[in-house]
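See structure below.
The model shown is predicted, which means the values in this text are computed figures rather than measured ones. Side chains are part of it too, since the values below use all heavy atoms of this structure and drop only hydrogens, waters and symmetry mates.
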Protein chains: 2
Amino acid sequence: MGTPLPRDPIADARLNWERHGWSDVAAPMAAITAIMRTQQILLGRIEAVLKPFGLTFARYELLALLSFARSGALPMNKASALLQVHPTSVTNAVDRLQDAGLVIRSPHPTDGRTTLIELTSDGRALAKRATAVLNSEVFGQSGFGDQDVDQLIRILGTFRRNAGDFSG
Amino acid sequence: MGTPLPRDPIADARLNWERHGWSDVAAPMAAITAIMRTQQILLGRIEAVLKPFGLTFARYELLALLSFARSGALPMNKASALLQVHPTSVTNAVDRLQDAGLVIRSPHPTDGRTTLIELTSDGRALAKRATAVLNSEVFGQSGFGDQDVDQLIRILGTFRRNAGDFSG
DNA sequence: TCCAAACCCTTGGATGTCCTAGTATATTGC
DNA sequence: GCAATATACTAGGACATCCAAGGGTTTGGA
């Protein structure tokens, strides 16, 4: 992403939609496209911050989730549900975190089908350090105004509930 | 995704952040996480709609971009800049679209370094059909209220400009 | 003129996501 | 108690994204 474009490509796409007679959906198209692009930008920032720790966002999310669990351990299926990703994605992340010595797999005490993911002390320490940098470098400099943050949380929260993410 | 979770995992994460003394960045953390999740949901809907056409979102975006170019052709580097993805991603998408007979590569008339991507008539027709379904099935049923759509476009537009996406 | 720097595209490698089985373990129902 | 169904995890494959490197083409300054 070298030089900024002279024009906003999403605004241009919206104009194209309107010119082709799709005015009724041009605005939501622009909003959705903007969400996709914003996610891409934010993910880039996050991954850049995590790279020195040898972490990706997917692995960090799992580490952070475990660090908030009282016991520091969670069943794989629970992690999959909470992170809202496919079970195979969790398998993938655990494989790599385990190779790095940040988590270990252990059998569930009563259910032979289930595998527990457990944070090692290294894993806990790394999660803490990575979170500190993420907080200061990304979340603390999001570029969103306080009011806009509230709006985003409200709008996207409603969307996610309607999409069936949660019922609360 | 199976059953909705009983609680909003992002709201829970925000509470965890506050409990750990990171209240100052808890809200932006929640907003950013919500953007990531919303993107995931929307991408899932879009890919589901495009699948019957043999398209992915990345390929559709390229097809749509070409269909709006007067000549139906664009240099690869221009497409990369407008779609805001890495050049190798465009190479990948063009490879597959070309295999499907939807675009062809042609040499640039004056610059030997540049390759033009050109829409075939099949490609143009498919883009049209896919856009129609995307408009009715996704953009027309986004789940965002009209006011919220405007808010998203404003908030994310400001963010993208500040992030250096465009200067206009 | 000529060569170094800049630019364009592709190849190869690493990650992540999802989907479709396939294997192992639990639970249910008869 | 045993068979049928459901659940949990993993293996393999398809795609997409990025980065690093390499080979060809242009451009621009010495």
Is atom CZ of A:R7 surrounded by more than 12 heavy atoms (other residues, nucleotides or ligands) closer than 6.0 Å? no
If you draw a 6.0 Å radius around CG in A:D146, do more than 12 non-hydrogen atoms from other residues or ligands fall strictly inside? no
If you look at every strand shown and take non-hydrogen atoms under 4.0 Å, does [X] touch a base, only sugar-phosphate, or nothing?
X: B:T88; answer: base
X: A:N77; answer: sugar-phosphate
X: A:E47; answer: nothing

Using atom [atom1] of [X] as one end and atom [atom2] of [N] as the other, report the distance to the nearest whole Å.
X: A:H86; N: C:dC19; atom1: NE2; atom2: P; value: 5 Å
X: A:Q40; N: C:dG16; atom1: CD; atom2: P; value: 17 Å
X: B:K51; N: C:dT17; atom1: NZ; atom2: P; value: 17 Å
X: B:F57; N: C:dG16; atom1: CZ; atom2: C1'; value: 18 Å
X: B:M36; N: C:dT17; atom1: CE; atom2: P; value: 10 Å
X: B:R45; N: C:dC18; atom1: CZ; atom2: P; value: 16 Å
X: B:N92; N: C:dT11; atom1: CG; atom2: C1'; value: 12 Å
X: B:I41; N: C:dC18; atom1: CD1; atom2: P; value: 12 Å

Under-4.0 Å salt bridge between [X] and [Y]:
X: A:R160; Y: B:D8; result: yes
X: A:D95; Y: A:R105; result: yes
X: A:D148; Y: B:R154; result: yes

Does the side chain of A:P75 reach to within under 4.5 Å of the side chain of A:T115, using non-hydrogen atoms? no
Check the phosphate of C:dC9 against B:T91, side-chain N and O only, distance under 4.0 Å to OP1 or OP2. Yes or no? no
Can you tell me if A:S89 touches the phosphate of C:dC18, counting only side-chain N or O atoms and a distance under 4.0 Å to OP1 or OP2? yes
Taking for B:P75 and for A:A93 the nucleotide of DNA chain C with the nearest heavy atom, the one nearer the 5' end belongs to B:P75
Heavy-atom contact window of chain B on DNA chain D, given 5' to 3' at under 4.0 Å: D:dC15 to D:dT26
Do we see a donor-acceptor contact under 3.5 Å between the side chains of A:W17 and B:N135? yes
Under 3.5 Å, is there a donor-acceptor pair linking the side chains of A:S23 and A:E18? no
Would you check if the side chain of B:S80 reaches a backbone N or O of B:V85 as a donor-acceptor pair within less than 3.5 Å? yes
Counting only N and O atoms by type, is there a donor-acceptor contact under 3.5 Å from the side chain of B:S167 to the main-chain atoms of A:L5? yes
Closest nucleotide of DNA chain D for B:V85 versus for A:L116: which of these residues is on the 5' side? A:L116
Do any of residues 94-113 of chain A sit with a heavy atom less than 4.0 Å from DNA chain D, and if so which? A:R105, A:R113
